[in-house]
Amino acid sequence: MTTDAYREFCWGAQLPEVVGGYGLLLGHDAVSGELFTAVLEDVEYVRLLIQSPGATVPREKITKVLSDWPALDPAAESVWS
């Protein structure tokens, strides 16, 4: 069963809902300084990255790049606020 926040995230990111969910990484563009969200389908890989500060993610692992970071607070009115 998926939560409303997950459904809203998928809708806002224009991604299909998948059983295992998505792993999200907050990224920083070294040139522009902009923050972005990298979306990966490999949630276990994202869990491993948490244990490896400074690791680089191969581009082929990234499913989609979003120009902002969704608000994942369950009390938020919308994940895209």
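Along the sequence shown, the residues carry numbers beginning at 1.
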**Request:** Kindly indicate, with the supporting measurements, whether the criterion side-chain contact (heavy atoms from CB on, under 4.5 Å) is fulfilled by L66 and F36.
**Result:** CA-CA 6 Å; L66 307 173; F36 62 88; over 6 Å; no
**Item:** Test side-chain contact (heavy atoms from CB on, under 4.5 Å) applied to D4 and F9, step by step
**Value:** CA-CA 8 Å; D4 289 339; F9 167 79; over 6 Å; no
**Request:** Could you walk me through whether V65 and I62 pass the side-chain contact (heavy atoms from CB on, under 4.5 Å) test, one step at a time?
**Result:** CA-CA 7 Å; V65 175; I62 299 173; 3.8 Å; yes
**Request:** Report the C-alpha separation of V46 and L24 in whole Å, then their side-chain angles, then the decisive distance to 0.1 Å, and conclude whether the side-chain contact (heavy atoms from CB on, under 4.5 Å) test is met.
**Result:** CA-CA 7 Å; V46 172; L24 305 178; over 6 Å; no
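Linking Ile, Leu, Val, Met, Phe, Trp and Tyr residues whenever their side-chain heavy atoms come within less than 4.5 Å places L15 and L26 in a single cluster.
Residues L40 and Y45 meet the side-chain proximity criterion, which asks for heavy atoms closer than 4.5 Å.
Counting only distance, with no hydrogens or angles, the side chain of K64 and the backbone of A38 share no donor-acceptor pair below 3.5 Å.
Here the straight-line distance linking atom NZ of K61 with atom CD of E41 works out to 10.5 Å at 0.5 Å rounding.
Here the closest non-hydrogen pair linking Y6 and P16 is OH-O, 4.4 Å. For the pair V43 and G23, the tightest heavy-atom approach, listed with the atom from each and the gap, is CG2-N, 3.8 Å.
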